[in-house]
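Here the structure comes first, spelled out in structure tokens, and everything after it is commentary.
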Amino acid sequence: MLQLQRVRDNKDAIIEALKKRNIDADAMLNGVLHLDEKRRALQTELDNTLAESNSLSKEIGNLFKSGKGAEANELKAKTTTLKETSKKLGEDLNNIAEELQNLLYQIPNVPHESVPAGSTDEDNEEIFREGEIPELIEGALPHWELAKKHDIIDFELGVKVTGAGFPVYKGKGARLQRALISYFLDKNTEAGYTEIQVPHLVNEASGYGTGQLPDKEGQMYHIQADDLYLIPTAEVPVTNIFRDDIVKKEELPITYTGYTPCFRREAGSYGAHVRGLNRLHQFDKVEIVRVEQPENSYTALDGMVEHVKNILRELELPYRILRLCGGDLGFTSALTYDFEVFSTAQDRWLEISSVSNFETYQANRLKLRFKDEKGKNQLAHTLNGSSLALPRVLAGILENYQTKDGIQIPEVLVPYCGFDSI
RNA sequence: GGAGAAAUGGCAGAGUGGUCGAAUGCGGCAGUCUUGAAAACUGUUGAGGGUCACACCUCCGGGGGUUCGAAUCCCUCUUUCUCCGCCA
């Protein structure tokens, strides 16, 4: 959620920047300012009414104490109208404040200046590419066929037990999953991130805190009986640890890594692009989350990008990095880099990581602040990234590492797997 | 799931209708003393709105109510603790 003060001070610049998202925010921002003005006027009126009624109450108390009951009762009559007025004003104020909040919720984050304009993923800007795309062996297969051939992932079984998009990993497939999780967590903790295990279900307030609600209501699984949501990413529970928090400046940066399954309804997706592991309702992901001082957040973002690069180098997977264009940028993000690994057998790039700086957008919703050197509370910056998402990494490994003699396991993973080929 | 008790500032903890945004202690910050530090002493120290700055307003787990006036009384929800039941 954008800060009101920022909207007041930089309306035109924000409108201009939001054009990169192909949004004409003019009406919305003017609406915000209009409601804000109304809100402040009402607040002042209410404050004055309450002040008057407070001082009357004090007077009444004093009169009673000095035995002037008659005078006190006279004043009491006056407070009745004040009470009615303040009740009415309070209701109006609540309505306006709610309207203002709802409008603010609808405005996405302001893109960073480096974000290219554009409307679809076609307009994303490739900024880096590394790794050799292997030459395919004859009869190379896409990962879903490899999975079947080696009996390591059973999609049909998942359909039987749950439904489409819930695969069952078996034998070496299951072990490879576990190996990847351990390997990613190890790489992240080596880089200084603290490992953390968090709930896989969150409440509504957490959904609002990181911005999945109300924007992506339909994308999360909702357990109505208890009003809880299955997490779409570890970002939600991990970042919400800091909801309503004021941390000390010395405690920053805060860096966490956690493994969780992720649940996404992915309503409306279909077709060849969602085959196999390409798109699932449940998948595993290891996430990194940072809370930073504003002046450090972009350096931190670059550091996260380097960190993910190193992992992909070690796995020897061909990948590229995209700077997302305004149209493809997530609602809450100011700048996002997507990592894509090349899937040889499918002849396409698969997104495996998304590294973002949310600046104060989430922090403002979360009320996550830190005390600066002047003792003033300031909103922190939040960042997160996948490091990494499992299924498409697995797809990339299966497809890129297939040989005549089976699938080779990347060297760094062999100690984690306990075998070197499938 | 049943019975009882509780929820106050960073922490501990007082406060049972007006003098309470809240005693006291610890912690934090600043100062005195000291070569420096510690100790001791003095001062200061919650959040949000609002204002050029004040004033002023709101917040004592959440929501609602009683009252001229609520941290304090009533209702309700949530959470925690103790006891019982169930259980990986």
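Heavy atoms only: backbone and side chains are in, while hydrogens, waters and symmetry mates are out. Convention: sequence-line order gives letters A, B, ...; per-chain numbering from 1.
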What do the steps show when you test A:K187 against A:S387 for side-chain hydrogen bond (donor to acceptor under 3.5 Å, both in side chains), and what is the final call?
CA-CA 9 Å; A:K187 292 303 289 180; A:S387 175; over 6 Å; no
Pick the C1' atom in B:A5 and in B:G10, then give their distance to the nearest Å.
26 Å
Rounding to the closest angstrom, what is the interatomic distance between B:A22 and B:G9 at atom P?
14 Å
Tell me the salt bridge (charged side-chain N to carboxylate O under 4.0 Å, His left out) pairs involving residues 79-106 of chain A, sequence neighbours left out?
A:K88-A:D92
What are the atom names and distances for every N/O pair under 3.5 Å that joins the protein to nucleotides 68-70 of chain B?
unit_1, atom_1, unit_2, atom_2, d
B:C68, O2', A:S57, OG, 3.1
B:G69, O4', A:S57, OG, 3.3

With A:R39, the side-chain contact (heavy atoms from CB on, under 4.5 Å) member among A:T44, A:N95, A:L100
A:L100
The criterion is side chain to side chain contact (heavy atoms under 4.5 Å, CB included); which residues satisfy it with A:P294, sequence neighbours excluded?
A:F370, A:Q378, A:H381
Sequence-distant partners of A:R6, salt bridge (charged side-chain N to carboxylate O under 4.0 Å, His left out), two or more places apart
none
Whole angstroms only, please: what is the CG-C1' distance between A:N48 and B:U58?
14 Å
Does A:K160 have any salt bridge (charged side-chain N to carboxylate O under 4.0 Å, His left out) partners at least two apart in sequence or in another chain, and if so, which?
none
Round to the nearest Å and state the distance from A:K376 atom NZ to B:G46 atom C1'.
15 Å
What ring-ring contact (aromatic ring centres under 6.0 Å, His included) pairs are there with at least one residue in residues 88-120 of chain A, not counting sequence neighbours?
A:Y105-A:Y208, A:H112-A:Y298
With sequence neighbours excluded, residues passing salt bridge (charged side-chain N to carboxylate O under 4.0 Å, His left out) with A:K216
none
Nearest-Å distance once atom C1' is located in both B:A23 and B:A71
14 Å
Verify the contact: side-chain N or O of A:K371 to OP1 or OP2 of B:A47, cut-off strictly under 4.0 Å; return yes or no.
yes
State the pairing partner of B:A23; accept Watson-Crick or G-U wobble contacts with both distances under 3.5 Å, and report none otherwise.
none
Any side-chain N or O of A:N377 less than 4.0 Å from the OP1 or OP2 oxygen of B:A47?
yes
Round to the nearest Å and state the distance from A:L42 atom CG to B:C57 atom C1'.
14 Å
In Watson-Crick or G-U wobble terms, with both distances under 3.5 Å, the base opposite B:C86 is none
Should B:C52 form a Watson-Crick or G-U wobble pair with both distances under 3.5 Å, which nucleotide is its partner?
none
Rounded to whole angstrom units, what separation is found between the CG atom of A:L46 and the C1' atom of B:C59?
14 Å
Show me the side-chain donor-acceptor pairs of residues 195-204 of chain A shorter than 3.5 Å, one per line, residues at least two apart or across chains.
unit_1, atom_1, unit_2, atom_2, d
A:N203, OD1, A:A205, N, 3.4
A:N203, OD1, A:S206, N, 3.0
A:N203, OD1, A:S206, OG, 3.1

With both distances under 3.5 angstrom, what nucleotide forms a Watson-Crick or G-U wobble pair with B:A14?
none
Any protein N or O atoms within reach of nucleotides 50-54 of chain B? Criterion: under 3.5 Å, listing atom names and distances.
unit_1, atom_1, unit_2, atom_2, d
B:G50, OP1, A:R8, NH2, 3.1
B:G50, OP1, A:R39, NH2, 3.4
B:U51, OP1, A:R40, NH1, 3.4

Using the P atom as the point on both nucleotides, what is the distance between B:A38 and B:U32, in whole Å?
13 Å
Distance between P atoms of B:A40 and B:G50 (Å, rounded):
43 Å
Taking only residues two or more places apart in sequence, or in another chain, which ones meet A:R323 in a salt bridge (charged side-chain N to carboxylate O under 4.0 Å, His left out)?
A:E125
Provide, to the nearest angstrom, the distance between the CG atom belonging to A:D244 and the P atom belonging to B:C59.
18 Å
Side-chain N or O of A:R369 less than 4.0 angstrom from OP1 or OP2 on B:A47?
no
Residue pairs passing the ring-ring contact (aromatic ring centres under 6.0 Å, His included) test where at least one lies in residues 29-88 of chain A, sequence neighbours excluded:
none
Using atom P of each nucleotide, how far apart are B:C54 and B:G46 to the nearest Å?
15 Å
Interatomic distance where CZ belongs to A:F370 and P belongs to B:A47 [whole Å]
14 Å
Taking the C1' atom in each of B:U8 and B:U24, what is the distance between them to the nearest angstrom?
14 Å
Using Watson-Crick or G-U wobble geometry with both distances under 3.5 Å, which nucleotide pairs with B:U79?
B:A6
Answer for the Watson-Crick or wobble partner of B:U32, both distances under 3.5 Å, is B:A40
Stretch residues 85-93 of chain A: residues that reach within less than 4.0 Å of RNA chain B through a heavy atom:
none
Sole candidate of A:N357, A:I288, A:T255 that passes side-chain contact (heavy atoms from CB on, under 4.5 Å) when paired with A:M304:
A:I288
Nucleotide opposite B:U66 in a Watson-Crick or G-U pair, distances under 3.5 Å:
none
For B:C59, the Watson-Crick or wobble counterpart (both distances under 3.5 Å)
B:G46
Select base, sugar-phosphate, or nothing to describe what A:N54 touches, counting heavy atoms under 4.0 Å on all strands.
sugar-phosphate
What is the separation between atom NZ on A:K248 and atom C1' on B:G10, rounded to the nearest whole Å?
7 Å
Is it true that A:K19 and A:D24 have a side-chain N and a carboxylate O under 4.0 angstrom from each other?
no
Rounding to an integer number of Å, can you tell me how far A:K367 NZ sits from B:G46 C1'?
16 Å
If we take the C1' atom in both B:A12 and B:C84, what is their distance in whole Å?
31 Å
In terms of heavy-atom contacts, A:L329 and A:P111 come closest through CD2-CB, 4.0 Å
